[in-house]
K.L.:
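Have a look at this one.
Order of appearance sets the numbers: ligands from 1, and atoms from 1 within every ligand.
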Amino acid sequence: MSNQMSAPLGNQESNKVETSDGHLHQAELVRYQSLALAKFSEVAENMRSPRSGSNTPRLGHTYFDPHPMVTEAWECLRKSVVKFKGHMVGTIAALDQASDALNYNQVFVRDFVPSALAFLMNDETEIVKNFLLKTLHFQASEKRIDCFTLAQGVMPASFKVLYNPTRGCDVLVADFGETAIGRVAPVDSGFWWIFLLRAYTKATGDYSLSQMPECQTGIKMILSLCLAEGFDTFPTLLCADGCCMIDRRMGIYGYPIEIQALFVMALRCAHQLLRVEGDGKEFIKLIDNRLSALIYHMRSYYWLDFKQLNNIYRFKTEEYSNTAVNKFNVIPESIPHWIFDFMPMKGGYLIGNVSPARMDFRWFALGNCMAILCSLTTDEQSVAIMDLIEERWQDLVGEMPMKAMYPALDTHEWRIVTGCDPKNTHWSYHNGGSWPVLLWLLTAACVKTGRPQIARRALELAECRLAKDGWPEYYDGKDGNYIGKQSRKMQTWSIAGYLVAKMLLEDPSHLGMMALEEDKNMKPMLTRATTMPTKLHPYY
Ligand code: GLC
């Protein structure tokens with residue numbers, strides 16, 4: 001790779017590639033993307049992203065004049081670090097002294113992801129390695145909810161350090177959903193764990209961690225859970241409500257986009273990390289089979305744009321046989337009215353859920369950004385998602401980037417779908433609330449699609465308020481301008497999400513640790529996957 005390809009794209013340089021209306025010229029767009037994607041091509045030979053030396057924070061480099069919020073954010077992030085026996089093992093969810101801690105005094109797996117990325121970008125890798133090993137250790141332990149034993153592969157939602165008076169020392173205690181609201185196991189944790197293991201490997205070039213037999217077994221145990229055969233007729237993963245970032249009842253049960261996109265990301269990362277030996281080979285084959293069917297299914301049936309909406313609007317029902325156009329028997333009368341106004345002529349997105357006679361047309365930010373990052377969407381679809389964000393900026397971003405989900409449920413729908421949840425009221429929390437943590441995902445999607453101007457616009461909004469408001473967990477309201485009703489302050493992933501977005505925009509080569517280029521060699525295979533390897537019994 002030439003030096004020019006691997007040089008970081010600084011602030012001044014990235015400004016130069018924009019036209020007066022903030023868009024990139026085609027040739028410049030290609031150059032920007034190749035800078036951002038340059039690191040992908042190294043994956044095959046060497047996953048390390050070589051970078052310049054480590055100042056703390058790295059944003060102190062001369063090509064970049066750090067925003068005062070950056071220094072504050074680093075200070076806050078460091079204060080949130082949790083130590084166990086003298087070693088840094090993660091970051092606490094929120095350091096808000098004013099509110100009841102509830103479960104915010106724990107290290108959540110999903111919450112630690114942006115913290116980990118910020119540390120990796122800053123060449124502080126030890127905390128990430130310790131976190132990966134500690135959570136792996138929990139996975140191996142026996143977990144029970146009442147008298148039911150959970151599957152071996154399940155990763156914890158969170159863990160905390162507790163003083164054990166009998167032993168006279170600190171111990172780590174994990175939660176697999178048994179103390180969480182709704183008692184749901186976190187399906188996303190295992191996927192985030194694989195994602196982070198790859199990010200660590202890519203950022204450090206240290207293969208020794210992912211190649212450890214314990215880590216290889218950890219990956220296989222997660223895969224065994226989600227690749228196990230059952231009664232499925234779809235390649236998507238069937239999930240309970242509340243099994244991811246949206247961890248309370250919000251009507252996402254079934255095949256939620258939030259999990260399907262992470263599933264694709266985890267499968268693709270596992271593919272890179274697995275050793276091609278023993279049953280590793282069989283897992284790789286299973287991943288290949290599942291991925292091609294899954295990506296085909298998602299691109300075909302979850303994709304919605306103006307044209308597809310019009311097709312669904314005109315769907316015929318009661319079609320039997322394999323020539324059916326309306327495969328899931330979606331009744332056009334079930335299309336919600338809001339979608340006709342919301343859908344722009346330019347743009348599209350992956351809808352929230354697809355199952356028999358049910359399409360959840362809601363927009364989910366994490367799933368759509370993640371779909372871009374793992375190339376679940378085609379290049380055209382990725383561009384269309386960014387177009388939609390621009391076209392529907394006020395709805396999806398408003399005053400604070402960005403809404404986890406759109407639109408909010410109200411009145412009867414809210415009662416039925418959320419079970420009258422007082423935290424998830426109209427335009428609050430998961431129900432149309434705005435989550436600053438999503439800035440990192442939005443920025444990464446912008447960088448990958450060559451649309452940094454969108455991320456810059458979002459960052460400017462965040463910089464007006466986030467620090468002044470005390471780094472809230474979420475904002476409320478249709479425009480996202482009220483600090484959330486029950487929002488924690490000093491929420492670590494709001495802080496880390498901002499830092500990751502900021503660093504990524506300054507040096508797009510960081511994208512390599514959190515995104516994957518499309519695998520052009522993958523053939524769409526529509527046949528059923530081969531059966532699970534017989535040797536895998538210990539894992540499931
Ligand atoms: C809330 C969020 C969840 C997050 C947790 C800790 O429960 O819904 O996604 O992991 O807080 O911040």
K.L.:
Would Glu473 count as a contact of ligand 1 if the rule is a heavy atom under 4.0 Å away?
P.N.:
yes
K.L.:
Would you mind telling me which of Glu518, Lys448, Glu517 makes a side-chain hydrogen bond (donor to acceptor under 3.5 Å, both in side chains) with Ser375?
P.N.:
Lys448
K.L.:
At less than 4.0 angstrom from any non-hydrogen atom of Tyr104, what atoms of ligand 1 do you find?
P.N.:
1 (C), 11 (O), 12 (O)
K.L.:
Note the single closest protein heavy atom to atom 7 (O) of ligand 1, along with its residue, its atom name and the distance in Å.
P.N.:
Asp247 OD2, 2.8 Å
K.L.:
Can you check whether Trp435 has an N/O within less than 3.5 Å of an N/O in ligand 1?
P.N.:
no
K.L.:
Around Phe148, counting heavy atoms of other residues, nucleotides and ligands shown, do more than 12 lie under 6.0 Å from its CZ?
P.N.:
no
K.L.:
Would you check the N or O atoms of Trp493, main chain and side chain alike, for any that come under 3.5 Å of an N or O of ligand 1?
P.N.:
no
K.L.:
Return the CD to NZ distance between Glu506 and Lys502, rounded to the nearest 0.5 Å.
P.N.:
6.0 Å
K.L.:
With a cut-off of 3.5 Å and sequence neighbours excluded, list every side-chain donor-acceptor pair involving residues 397-410.
P.N.:
| from | atom 1 | to | atom 2 | distance (Å) |
| --- | --- | --- | --- | --- |
| Lys403 | NZ | Asp395 | O | 2.6 |
| Lys403 | NZ | Lys478 | O | 2.7 |

K.L.:
Are Gln106 and ligand 1 in contact, using a heavy-atom cut-off of under 4.0 Å?
P.N.:
no
K.L.:
Are Arg248 and ligand 1 in contact, using a heavy-atom cut-off of under 4.0 Å?
P.N.:
no
K.L.:
So, taking the atom named CZ in Arg392 and the one named CG in Asp341, what distance separates them when rounded to the nearest 0.5 Å?
P.N.:
8.5 Å
K.L.:
Less than 6.0 angstrom separating the ring centers of Phe342 and Trp363, yes or no?
P.N.:
no
K.L.:
Please identify which atoms of ligand 1 are closer than 4.0 Å to at least one heavy atom of Met245.
P.N.:
2 (C), 3 (C), 8 (O), 9 (O)
K.L.:
Taking only heavy atoms of Gln491 into account, list the atoms of ligand 1 that are under 4.0 Å away from them.
P.N.:
12 (O)
K.L.:
Tell me the protein heavy atom at minimum distance from atom 1 (C) of ligand 1, and give that distance in Å.
P.N.:
Tyr429 OH, 3.2 Å
K.L.:
Would you give me the side-chain donor-acceptor pairs under 3.5 Å for residues 242-253, sequence neighbours excluded?
P.N.:
| from | atom 1 | to | atom 2 | distance (Å) |
| --- | --- | --- | --- | --- |
| Arg248 | NE | Asp421 | OD2 | 2.8 |
| Arg248 | NH2 | Asp421 | OD1 | 3.0 |
| Arg248 | NH2 | Asp421 | OD2 | 3.4 |
| Arg249 | NE | Val417 | O | 2.9 |
| Arg249 | NH2 | Ile416 | O | 2.5 |

K.L.:
Do Arg457 and Glu390 sit within salt-bridge range, that is, some charged N less than 4.0 Å from a carboxylate O?
P.N.:
no
K.L.:
Students should be able to answer this: which protein heavy-atom is nearest to atom 10 (O) of ligand 1, and at what distance?
P.N.:
Asp111 OD1, 2.6 Å
